[in-house]
Amino acid sequence: MPNGQWYPPEWPVRIRALAAGEITAMTPRRAATVMLLRDDPGGPAVHMLRRRASMAFAAGAYAYPGGGVDPRDDDRTVGWAGPGRDAWARRLGVDAASAQAIVCAAVRETYEEAGVLLAGETADTVVGDTTGDDWKADRDALAGHELSFADFLDRRGLVLRSDLLGAWARWITPEFEPRRYDTWFFVAALPPGQRTRNASTEADRTVWIRPAEATEAYDRGELLMMPPTVATLRQLQSYGTADDALAGSEGRDLTPVLATARLEGEELVLSWPGHEEFTKRVEPPQGGQKQSQSPSPSPVQSESPSPSSGQSPSSSPTQSPSSGQSPTPGPRESPSGGPR
């Protein structure tokens, strides 16, 4: 049975074109994503969103809140608490200005897409409920690039709590992909008094799910995910609490993972160093036929993007975050049941 590995059908063509010098590798854009955890009775659960089918990149895939760096976060010092920029620069392997921008991207994108803000009025406090209309207006302004994150923090008298984040991994989109990202993965615990919501225009569903349940659904071919998502979910499974995972982030290897491709005869072999489970072997098309895409069904039917919606009309592996419960897998859904 095929798993749910995201694999665009045009990749073999692009890989061969790059090797032949017919296309040029794009420079990856700096980005950050956050594995937001909460402690549930059965163990830590992670907040994930499903990307809309209309998205140009990884449509229908489950991922974490995240996005690209805002260049304005390199330009000025933001309100800051926790380890300093120089410490983060050493940890992330970049200069201090870039470290600030990457950490800001992690915190800002978590706020924009999940409504959770890792900031407080002082170095040892964190904001509580952020569900009011004024908070929504700020999120919209940030998402629309009408308001910089530094100005947002200043106006509200807040400091970014960098100590609430732990650097986890770094993955770079393959050179043959036209939309490339150099992405730092972080881990964080859901602050007391805050709750998630689907605040992203890029997602049609958000869920809380235990990492082991997510990977089991992926292994059955029920959840579509990119290799970095699956790899980090598997790594999270050994931690008993969100705080344990945050503490476990210290010292994790941040050597970038970059997919490589090679030809073995006429067979194309795509691999991610250190992550053999994602290796793909692609035979050349026969008789000029178009290369087919690996199956990647999702059991979750299309539903309203409202964060307060309940379960989808048919069986789903997860529950809506509005239920207040950790989601558990349900029966598998037939591919004819509207998977993405």
Side-chain angles (χ1 to χ4, degrees), residues 26-36 47 49 57 63-123 125-127 130 134-173 179-188 191 194 199-202 228 246 249 254 256:
M26 301 294 292
T27 300
R29 180 186 177 191
R30 296 173 302 168
T33 189
V34 176
M35 301 178 289
L36 189 63
H47 181 73
L49 53 84
F57 184 81
Y64 311 118
V69 163
D70 184 343
R72 291 177 295 181
D73 291 334
D74 290 276
D75 296 338
R76 54 169 289 193
T77 301
V78 302
W80 194 276
R85 296 160 186 79
D86 289 340
W88 276 106
R90 292 190 294 272
R91 182 74 181 100
L92 301 180
V94 297
D95 59 72
S98 295
Q100 173 181 281
I102 293 163
V103 172
C104 281
V107 175
R108 185 186 65 253
E109 291 289 339
T110 303
Y111 180 52
E112 289 181 14
E113 297 195 342
V116 171
L117 183 58
L118 304 177
E121 294 181 355
T122 64
T125 62
V126 64
V127 296
T130 62
D134 57 333
W135 288 103
K136 181 181 183 304
D138 281 344
R139 284 200 313 275
D140 291 344
L142 285 167
H145 301 284
E146 301 167 5
L147 178 67
S148 74
F149 193 58
D151 288 339
F152 162 72
L153 292 176
D154 286 348
R155 185 163 62 79
R156 287 193 171 267
L158 300 174
V159 292
L160 181 154
R161 289 284 306 275
S162 77
D163 56 313
L164 300 181
L165 286 170
W168 193 269
R170 181 181 178 185
W171 289 65
I172 301 177
T173 311
R179 298 173 181 83
R180 300 190 65 207
Y181 300 91
D182 184 355
T183 305
W184 282 261
F185 285 69
F186 295 86
V187 65
Q194 295 195 41
S200 172
T201 59
E202 300 178 356
L246 186 60
S249 68
L254 297 186

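In this text, all values refer to a predicted model and were calculated from it rather than measured experimentally.
Judged by the 6.0 Å and 45° rule, R156 forms a cation-pi pair with W135.
The CG atom of L164 sits 11.0 Å away from atom OG1 of T110, with the distance rounded to the nearest 0.5 Å. Rounded to the nearest 0.5 angstrom, D73 CG and R108 CZ are separated by 5.0 Å. Once rounded to the nearest 0.5 Å, the distance linking CE of M26 with CZ of R180 reads 9.0 Å. With rounding to the nearest 0.5 angstrom, the CG atom of D154 is 10.0 Å from the OG1 atom of T77. For the atom pair CE of M35 and CG of L246, the computed distance is 10.0 Å after rounding to the nearest 0.5 Å.
Taking the side chain as every heavy atom from C-beta outward, I102 and W88 never approach each other to under 4.5 Å. Considering only heavy atoms from C-beta on, V126 stays 4.5 Å or farther from L118 through its side chain. Between L92 and F186, some side-chain heavy-atom pair lies under the 4.5 Å cut-off. Considering only heavy atoms from C-beta on, R29 stays 4.5 Å or farther from D182 through its side chain. Side-chain contact between V34 and Y64 is absent, with no heavy-atom pair separated by less than 4.5 Å. Using a 4.5 Å cut-off on side-chain heavy atoms (C-beta onward), T33 and Y181 make no contact. The shortest distance between side-chain heavy atoms of L160 and F149 falls below 4.5 Å.
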Requested in this report: I would like to know whether R72 and D151 meet salt bridge (charged side-chain N to carboxylate O under 4.0 Å, His left out); could you show each step before the answer?
Outcome: CA-CA 10 Å; R72 291 177 295 181; D151 288 339; over 6 Å; no
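Checked for salt-bridge contact, D140 and K136 meet the test: a charged N lies under 4.0 Å from a carboxylate O.
Aromatic ring centroids of Y111 and F152 lie under 6.0 Å apart.
For the side-chain contact (heavy atoms from CB on, under 4.5 Å) criterion with R30, the lone passing option out of D70, T183, D74 is D74.
No donor-acceptor distance shorter than 3.5 angstrom exists from the side chain of R170 to the backbone of L254, with no hydrogens or angles considered. No donor-acceptor pair closer than 3.5 Å links the side chain of E109 to the backbone N or O of A32. Between the side chain of R161 and the main chain of A81, no donor-acceptor pair closer than 3.5 Å is present. The main-chain N or O of T130 is never found under 3.5 Å from a side-chain atom of Q194 such that the two would form a donor-acceptor pair. Not one N or O on the side chain of S249 forms a donor-acceptor pair closer than 3.5 Å with the backbone of W168. Panel note: side chain E112, backbone P65; no donor-acceptor pair is recorded below 3.5 Å.
Closest approach of C104 to V78, counting heavy atoms only: SG-CG2, 3.8 Å.
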